[in-house]
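First the structure, in the form of structure tokens, and then the observations on it.
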Amino acid sequence: MIRVLAQSAVEIRNLHKSFGHLEVLKGIDFSVDTGQVVCVIGPSGSGKSTLLRCVNLLEQPTAGQVIVEGVELTHPDVDIDAARRRVGMVFQQFNLFPHMTALQNVMIAQQRVLKRGRAEAERIARENLDKVGVGNKAGSYPAQLSGGQQQRVAIARALAMSPALMLFDEPTSALDPELVGDVLTVMRKLAEEGMTMLVVTHEMAFARDVADRVVFMDGGVIVEDGPAEQVIGSPKHERTKTFLRRVLDPTHHEI
Amino acid sequence: MSTIKSEPSAAAARGGGGLSPRKRRRVILGVQYAIVIGVIGLIAATVDWPTIREHFLDVDAARQMLPTLFTVALKNTVIYTLSAYVIGFLLGLLLALMRMSSAAPYRWAALVYVEIFRGLPALLVLMLIGFGIPIAFQGLQFPGDVYGKVAIGLGLVAAAYMAETFRAGLQAVPRGQMEAARSLGMSHSRAMVSVVIPQALRLVIPPLTNELILLFKDSSLVSALGITAATIELTKLGSDAAINSADATPFVVAGLTYLIITVPLGFVVRRLEARQTRGR
């Protein structure tokens, strides 16, 4: 495996990503320290989801480096499957496996990837389901669960792999408003336990309260990067101000 | 709108003259029923029932077929069908995965295969395997002789159809499923086996059951291979018996025996389809 000297959980250097002629990421440099919670905010189409998907190489970057836990994922000879085991990902659409129960969803990768025995995998699965508050739904299929429950099972599924880093791609955007709180509570608990987290979100209250750092992206570049209270509370850039005005006070902005 | 008391305004709403839509529907329905009753009456009056009974529903002729019909012919038909189905299923799944491979030669090979075997009549393929291959490769023996030839001949054709069905099923599994599996550290092939293929199979159960029905009927083509009393199947048994008894009853009996299998299967397909539209 290719190791690079690093203290950061994630380090991204001069990252570019194009889809055909459309350049979505135009040179991103930033890092996440171990134990840090970083929220990425920005208008839709700003490239924030693409950035997140580049961190575990679900999207292949066009140029630049992605280094996770000292392993350069963008190196051509990297064992990407091994590297991804250390990075949990939670999707906007949950992406639970519909043909498996909640318990099986949390067990399958443990058994097939980490080669854990059935009993051990089940024990760890139940621990994690309990932790996210859906332990009593272990035998249910995803279609029988609410969105909030599904997303929490998805979080348990990622946690069961003992990841060093968790990526959240708009984890509450597909949820009914009254279910958002359940998922955010679980995420806050994770943050308090010291999990390194990179979260793309529109939940400004969560970003302000939980994040150590907030990154504002627009047009494929990082516009502003700093402590949460500064970026959300007193943004420096005009683009950040405009975006926050629209998000925080959607009924009063000028069209 | 139109009440009994305000008839003039109702007439105006109709746009003047003619029947109201409701009355027109009633007339049309009446005409349809009249046609049905007329056709039934015509058949009852013109058909020579004793002749029909004698030539199509001759109980003695049917009885003569009896033990063999089920113990040999139906059994063989089922064996031909299932063996060809298994080959078609496995080869079809392989072809579908090849069609979606990232290596171009595999994609091309699978495409060429599907185009060829979907475009050829099953009878021609069967004869090619049954007569052509033994001529070309002297001394080559198919496992189980006729059984082997049929399984391969019909299986090759079925694989082409099933490959397209599998491909549709595999492509219908949302991309997020593969992404979620990969993000958990599964390799591409592990994710296919554990996550994508099981879901694709569930999606294609109804069309694949249909394919089973089609194969069941196509097994009648086997008679072209010149089968013996031991390897006889339903259609051949029917036509042999029809020649012996010089009447059409054996055809009817053979046909009914196919329906014993195909009608319940068709029922299963409808149930599965209904469950799929309801579920998830």
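Lettering of chains follows the sequences in order, A, B, ..., and the numbering in each one begins at 1.
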Could you report the tightest heavy-atom contact between Pro198(B) and His99(A), atom names first, then the distance?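 Answer, listing the atom of Pro198(B) first, then His99(A): CB-CD2, 3.6 Å.
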Which pair of heavy atoms, one from Arg85(A) and one from Gly185(B), lies closest together, and at what distance?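 Heavy-atom minimum between the residues: CG-CA, 4.1 Å.
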Identify which of [options] forms the greatest number of heavy-atom pairs closer than 4.5 Å to chain B.
options	result
Val90(A), Asn56(A), Val113(A)	Val113(A)
Pro142(A), Gly88(A), Ala109(A)	Ala109(A)
Arg112(A), Gln93(A), Met161(A), Met89(A)	Arg112(A)

Can we say Arg182(B) and Asp81(A) salt-bridge, meaning some charged N sits less than 4.0 Å from an Asp/Glu carboxylate O? yes
Interface moiety of [X] toward chain B, non-hydrogen atoms closer than 4.5 Å:
X	result
Val87(A)	backbone
Leu96(A)	backbone
Phe97(A)	both

Measuring heavy-atom distances to chain A, does Ala181(B) have an atom under 4.5 Å in its side chain, in its backbone, in both, or in neither? both
Qualifying salt bridge (charged side-chain N to carboxylate O under 4.0 Å, His left out) pairs with a residue from residues 144-161 of chain B, counting only residues at least two apart or across chains: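 Pairs touching residues 144-161 of chain B that pass the test: Asp145(B)-Lys149(B).
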Roughly how far, to the nearest 0.5 Å, is CG of Leu57(A) from OG of Ser183(B)? 12.5 Å
Between OG on residue Ser187(B) and CD1 on residue Ile80(A), distance to nearest 0.5 Å: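 Atom-to-atom, Ser187(B):OG and Ile80(A):CD1 are 12.5 Å apart.
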Quick one: side chains of residues 116-125 of chain A, donor-acceptor pairs under 3.5 Å with protein atoms, not counting sequence neighbours, listed by atom name and distance.
unit_1    : atom_1 : unit_2    : atom_2 : d
Arg116(A) : NH1    : Gln110(A) : OE1    : 2.8
Arg116(A) : NH1    : Ala160(A) : O      : 2.8
Arg116(A) : NH2    : Ser162(A) : OG     : 3.3
Glu122(A) : OE2    : Arg126(A) : NE     : 3.1
Glu122(A) : OE2    : Arg126(A) : NH2    : 3.0
Arg123(A) : NH1    : Glu127(A) : OE2    : 3.0

Residue-level interface, residues 75-97 of chain B with chain A, non-hydrogen cut-off under 4.5 Å: none
If contact means a heavy atom pair closer than 4.5 Å, which residues of residues 162-180 of chain B contact chain A?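 Expected list: Arg175(B), Gly176(B), Gln177(B), Glu179(B), Ala180(B).
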I'd like to know whether CZ of Phe19(A) has more than 12 heavy-atom contacts from other residues, nucleotides or ligands below 6.0 angstrom.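 Yes, enclosed.
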Should we say atom OH of Tyr106(B) is surrounded by more than 12 heavy atoms from elsewhere, each under 6.0 Å from it? no
Please tell me if the side chains of Arg157(A) and Leu184(B) come closer than 4.5 Å, counting only heavy atoms from C-beta onward.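 Arg157(A) reaches Leu184(B) side chain to side chain.
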So do Ser194(B) and Ile108(A) actually touch side chain to side chain, heavy atoms under 4.5 Å? yes
